[in-house]
Amino acid sequence: MSVTIKSTREIELMRESGRLLTIVHEELGKAIKPGITTFEINRLAEEMIRSFGCEPNFLNYNGFPASICASVNDEVVHGIPSKKRILKEGDIISIDTGMIYKGYHSDAARTHAVGEISKEARQLIEVTKQSFFEGIKYAKEGNHLYDISAAIGKYAESFGYGVVRDLVGHGIGTAMHEDPQIPNFAQKRRGVRLQAGMTLAIEPMINIGRPEVAWLDDDWTVVTEDGTLSAHYENTILITEGEPEILTLSK
């Protein structure tokens, strides 16, 4: 496993990639409401990404046909945008997207409420987000990678939720997926020692029900096996000597 340490110049490029992606996510969040299609959200995302002079890194990645993953309700990740998928009141939708700025990738995901949603759905979204922040308390030089994983899983499971085990976070830089893989649940080993200059995409995927998932016939869309709701929250972060820097979040 080769975990890359980014130079000062590389970190600056990744900061800018992350800053621009933050704007995209904020604008998409404003557009999500009952009646919009996931196809339309994808179109908005791609237009914005290209308007910044960047490339959508999801588009054509291993053949993926869109610039965002749009995963509704029991869809965990990798939902394919469609003109037929019209959001309705009470849905939740996870938008995962990223971009390439001058050769450097950013990657982030948010789960949004569509209109008024149930208390259960709102709690799931909030706990999934908070589990990320519980994890990155350990994301500093000298700690070990799986300290992050254990903290995410412990927090989410304390609510009785299922933490997805078949999909993990990852390193990121000049490729969207670099070493190391970052599970969202406790491991037997401690994992690599964190060093300043590592850039990681940490992304809890949490189900209201059991952790098991299944793949649909499109070979992309991942759903909860028991049909329960799932939420996703992801940021690209930079390991420093002190607190981690979140590159895909407004300051």
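FYI, side chains are in, hydrogens and waters are out, and symmetry mates aren't considered; it's all heavy atoms of this structure.
Between Pro244 and Ile136, the shortest heavy-atom contact is CG-O, 3.5 Å. The shortest non-hydrogen separation linking Leu194 to Ala139 is CD1-CA, 3.9 Å. Residues Ile32 and Ile36 share a closest heavy-atom pair of CA-CG2, 4.4 Å. The two residues Glu89 and Pro34 come nearest to each other via the heavy atoms OE1-CG, 3.3 Å. Scanning all heavy atoms of the two residues, the minimum distance from Leu44 to Ala31 falls at CD1-CB, 3.8 Å. Looking at every heavy atom in both residues, Val76 comes nearest to Val223 through CG2-C, 3.8 Å.
Cluster membership check: Val168 does not share its hydrophobic cluster with Val164, using side-chain heavy-atom separations under 4.5 Å among Ile, Leu, Val, Met, Phe, Trp and Tyr. Trp220 and Ile95 fall into different hydrophobic clusters, where Ile, Leu, Val, Met, Phe, Trp and Tyr side chains are chained together by heavy-atom contacts under 4.5 Å. If you chain together hydrophobic residues whose side chains sit under 4.5 Å apart, Val77 and Trp215 fall into the same group. Tyr146 and Phe185 are assigned to two separate hydrophobic clusters, defined by single-linkage of ILVMFWY side chains at heavy-atom distances under 4.5 Å. Using a 4.5 Å cut-off between side-chain heavy atoms of Ile, Leu, Val, Met, Phe, Trp and Tyr, with links allowed through other members, Ile202 and Tyr138 fall into the same hydrophobic cluster.
A distance of 8.5 Å separates CG in Leu167 from NE2 in His232, rounded to the nearest 0.5 Å. Considering CD1 of Ile206 and CD1 of Ile125, their distance stands at 13.0 Å, rounded to 0.5 Å. Summarising the geometry, atom CD belonging to Glu212 is positioned 5.5 Å from atom CD belonging to Glu225; distances are rounded to the nearest 0.5 Å. The CG atom of Leu28 sits 7.0 Å away from atom NE2 of His25, with the distance rounded to the nearest 0.5 Å. Thr97 contributes atom OG1, which lies 11.5 Å from atom CD1 of Ile41 (distance to the nearest 0.5 angstrom).
Judged purely by distance below 3.5 Å, without hydrogens or angles, the side chains of Glu141 and Thr240 never pair a donor atom with an acceptor atom. No donor-acceptor contact under 3.5 angstrom links the side chains of Ser71 and Ser94, judged on distance only. A donor atom on one side chain and an acceptor atom on the other are found under 3.5 Å apart for Ser230 and Asn207.
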Run the salt bridge (Lys or Arg N to Asp or Glu O under 4.0 Å) check on Glu55 and Lys102 step by step: do they pass? CA-CA 9 Å; Glu55 291 286 319; Lys102 296 187 178 176; over 6 Å; no
Would Glu126 and Lys129 count as a salt bridge (Lys or Arg N to Asp or Glu O under 4.0 Å) here? Give the steps. CA-CA 5 Å; Glu126 288 169 1; Lys129 178 178 178 178; over 6 Å; no
With side chain to side chain contact (heavy atoms under 4.5 Å, CB included) as the test, would you mind laying out the steps for Ile80 and Thr38 before giving the verdict? CA-CA 8 Å; Ile80 299 173; Thr38 54; over 6 Å; no
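In this structure, the side chains of Leu145 and Ile182 come closer than 4.5 Å at one or more pairs of heavy atoms. A 4.5 Å side-chain heavy-atom check between Lys33 and His112 finds every atom pair outside the cut-off. Counting heavy atoms from C-beta outward, Asp107 and Asp96 have side chains that approach closer than 4.5 Å. Between His170 and Leu200, every side-chain heavy-atom pair lies at or beyond the 4.5 Å cut-off. Two residues are said to be in side-chain contact when any heavy atoms from C-beta on lie closer than 4.5 Å; Tyr161 and Leu124 meet this criterion. Counting heavy atoms from C-beta on, the side chains of Thr37 and Leu87 never come closer than 4.5 Å. Counting only heavy atoms from C-beta outward, the side chains of Phe58 and Pro56 never approach each other to under 4.5 Å.
Panel note: side chain Thr4, backbone Lys6; no donor-acceptor pair is recorded below 3.5 Å. Glu16 places no side-chain N or O within 3.5 Å of a backbone atom of Tyr101 that could act as its donor or acceptor partner. Side-chain atoms of Gln130 do not come within 3.5 Å of backbone N or O of Val127 as any donor-acceptor pair. One N or O on the side chain of Glu178 and one on the backbone of Thr174 form a donor-acceptor pair closer than 3.5 Å. The backbone N or O of Ile172 sits less than 3.5 Å from a side-chain atom of Thr199, completing a donor-acceptor pair. The backbone N or O of Glu203 sits less than 3.5 Å from a side-chain atom of Asn184, completing a donor-acceptor pair. Remark: the backbone N or O of Gly209 is paired with a side-chain donor or acceptor of Thr228 at under 3.5 angstrom. For the pair Arg165 (side chain) and Val163 (backbone), a donor-acceptor distance under 3.5 Å is present. Of the possible donor and acceptor atoms, one in the side chain of Ser106 sits under 3.5 Å from a partner among the backbone N and O of Ser17. Judged purely by atom type and a 3.5 angstrom limit, Ser131 uses its side chain to pair as donor or acceptor with the backbone of Thr128.
Between Lys140 and Glu241 there is no salt bridge, since none of the side-chain N atoms of the basic residue sits less than 4.0 Å from a carboxylate O of the acidic one. One finds no salt bridge joining Lys137 and Glu243 here, because no Lys/Arg side-chain nitrogen approaches an Asp/Glu carboxylate oxygen to under 4.0 Å.
Atom CD of Gln181 sits in a sparse spot, with 12 or fewer heavy atoms from other residues, nucleotides or ligands closer than 6.0 Å.
Every salt bridge (Lys or Arg N to Asp or Glu O under 4.0 Å) that Glu47 has, sequence neighbours left out, goes to Arg43. With sequence neighbours left out, the side-chain hydrogen bond (donor to acceptor under 3.5 Å, both in side chains) criterion links Glu12 to Arg15. Considering only residues two or more places apart in sequence or on other chains, Ser67 meets the side-chain hydrogen bond (donor to acceptor under 3.5 Å, both in side chains) condition with Glu46.
Ring centers of Tyr61 and His177: under 6.0 Å apart, within the cut-off.
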